[in-house]
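Lettering of chains follows the sequences in order, A, B, ..., and the numbering in each one begins at 1. All values below were derived from every heavy atom in this structure, side-chain atoms included, with hydrogens, water molecules and symmetry-related copies excluded.
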Protein chains: 2
Amino acid sequence: MIEQIASIPLFKGLPKEQLHDLVNISVEQVFRRGDSIFCEGDEGKGFYVVVSGRVKIFKLSTEGKEQILHILGPGETFGEVAVFAGRHFPAFAETLEASKTFFFPRNSFIALIQKEPSLALNMLAILSSRLRQFAQLVESLSLKEVPGRLAAYLLYLSEQRQGSSDLELDISKGQLASVLGTIPETLSRILARMTAQKLIQVNASQIKIVNRQGLEDLAETGKL
Amino acid sequence: MIEQIASIPLFKGLPKEQLHDLVNISVEQVFRRGDSIFCEGDEGKGFYVVVSGRVKIFKLSTEGKEQILHILGPGETFGEVAVFAGRHFPAFAETLEASKTFFFPRNSFIALIQKEPSLALNMLAILSSRLRQFAQLVESLSLKEVPGRLAAYLLYLSEQRQGSSDLELDISKGQLASVLGTIPETLSRILARMTAQKLIQVNASQIKIVNRQGLEDLAETGKL
DNA sequence: CGTGGCCTTGATAAAGTTCAAGAGCCGTGG
DNA sequence: CCACGGCTCTTGAACTTTATCAAGGCCACG
């Protein structure tokens with residue numbers, strides 16, 4: 001367990017002693033696929049780290065449409081906002097698959113921060129990079145149309161995979177639609193169009209980038 | 001100057017000694033209306049606090065459409081993301097009116113944080129509440145249509161003003177359109193429709209809420 | 001009094017959503 | 001082993017919302 005904690009980016013560089021403190025205050029939680037972890041508006045008494053599995057953070061409209069804000073994997077944290085500002089969670093959290101998390105209670109964690117400034121700096125880095133992601137998401141949603149967003153997403157995926165052109169979607173197309181701020185029907189049509197234009201090839205959840213330059217232009221200009 | 005610094009929320013609760021340190025590392029900057037403070041992609045060697053005036057943070061599409069991410073007034077900070085994650089600014093910053101800022105260089109500030117945990121906690125609170133705002137913005141952009149966003153914005157304004165129904169827009173309608181993720185023409189039409197429906201009355205930058213319940217329904221359901 | 005900025009209004013076109021129907025896939029159970 | 005029900009995904013057609021293009025009004029300021 002101590003190695004698991006030590007491998008979490010948030011806790012990188014902490015002395016052994018503090019890691020032990022963390023182990024002491026952390027609570028392990030196990031979820032099945034599709035379980036709700038918390039709901040928007042719930043009181044947040046602490047935050048979470050994904051140990052295994054995947055978790056989606058999302059907003060819900062009154063009609064039930066969902067907008068995914070993040071998809072988190074092992075080592076990533078969520079729910080910190082409720083720890084440092086306000087007391088309730090600003091969105092929903094649900095597992096995409098069977099998952100394990102560590103939960104860190106608010107007060108104990110804040111006490112720890114006061115002893116260990118580098119923990120605070122790590123947390124600041126994480127929140128900052130999340131703000132950066134959000135800025136990109138907002139830009140994408142309001143400044144680009146769906147084909148541009150999809151192209152940008154595919155290129156991003158490719159980067160994650162060391163530039164490989166053979167991509168495997170690790171989420172369903174319905175979920176992807178929600179990430180892109182649209183609905184499955186629209187995504188389906190645009191994938192079809194991009195295939196017709198020979199930008200990509202699609203085979204179920206396998207997507208191959210055929211014309212990278214074309215995708216880059218599309219992500220830039222938004223015109224398909 | 002020391003009183004000015006002491007009155008900034010980020011520095012609330014700091015001992016005098018640290019406030020003096022802050023004065024020593026801060027740089028005062030003066031801008032005229034419409035000046036650019038930094039551009040997306042610029043290297044960020046520190047962050048800013050608005051002393052007087054107002055600053056908008058925004059993204060730009062390739063065609064020139066702008067999406068405002070924040071509008072900041074006295075006491076609010078911006079540019080921190082570049083301090084703690086990455087090194088370049090994720091968006092543009094420009095003054096809306098003649099403004100004064102304090103600039104805090106990255107390294108000196110990080111050094112200070114390590115001495116003063118409550119400074120770190122303040123900063124964490126600020127970043128967290130900004131994340132919360134972003135989550136709301138994303139929700140708004142992807143889940144609601146423009147009338148719903150506008151209704152939500154007006155109600156938010158009303159809240160800011162202790163629930164008053166007589167609102168004074170402190171930004172131009174063109175800027176408001178950009179905040180709402182749309183264009184001036186669309187905003188104009190929707191204001192006209194909402195007036196026709198007797199939800200509001202508009203007189204230049206004066207907006208009066210006539211039917212609060214109706215606005216709330218609209219913000220909730222998005223149907224005008 | 002004219003000029004430029006900001007706002008409004010109208011006509012048109014594009015993009016996306018909704019509704020409806022059908023195809024493919026998979027696990028379960030007969 | 002096959003049939004069934006339940007998913008997810010795809011496709012089509014109508015409709016809605018919003019952007020775009022173009023023109024005109026209002027007001028402040030020189």
Specify the separation, in whole Å, of atom CG of A/L141 and atom P of C/dT17. 11 Å

Residue whose closest nucleotide on DNA chain D lies nearer the 5' end, A/S172 versus B/E185: A/S172

Using a cut-off of 6.0 Å, state whether more than 12 heavy atoms not belonging to A/R161 lie near its atom CZ. yes

Counting N and O atoms only, with roles assigned by atom type, does the side chain of B/E40 sit under 3.5 Å from a partner on the main chain of B/F89, one being a donor and the other an acceptor? no

For the rings on B/F104 and B/F11, is their centre-to-centre separation under 6.0 Å? yes

DNA chain D contacts made by residues 186-203 of chain A, counting heavy atoms under 4.0 Å: A/S188, A/R189, A/A192

Salt-bridge present (A/E97, A/R33; N to O < 4.0 Å): no

Evaluate whether atom NZ of A/K65 has more than 12 neighbouring non-hydrogen atoms of other residues, nucleotides or ligands under 6.0 angstrom away. yes

Any heavy-atom pair between the side chains of A/I200 and A/K208 that's under 4.5 Å? no

Calculate the interatomic distance between B/K173 atom NZ and D/dG25 atom P; express it in whole Å. 18 Å

Output the rounded distance in Å from CG (A/L150) to P (C/dG16). 11 Å

For B/E63 and D/dC21, give me the distance from atom CD to atom P, rounded to whole Å. 10 Å

Has A/K65 got a side-chain N or O lying under 4.0 Å from the OP1 or OP2 atom of C/dT17? yes

In whole angstroms, the gap separating C1' of C/dC6 from CD of B/E66 amounts to 14 Å

Choose from D/dT18, C/dT17, D/dA19 the nucleotide whose nearest atom is closest to any side-chain atom of A/T182. C/dT17

How close or far is atom C1' of D/dT20 from atom CG of A/L143, stated in whole angstroms? 16 Å

Quick one: sort the A/F78 and A/Y48 rings into parallel, tilted or perpendicular, breaks at 30° and 60°. parallel

A/I183 CD1 to D/dG12 P: how many Å, rounded? 16 Å

Round to the nearest Å and state the distance from B/R149 atom CZ to D/dT17 atom P. 13 Å

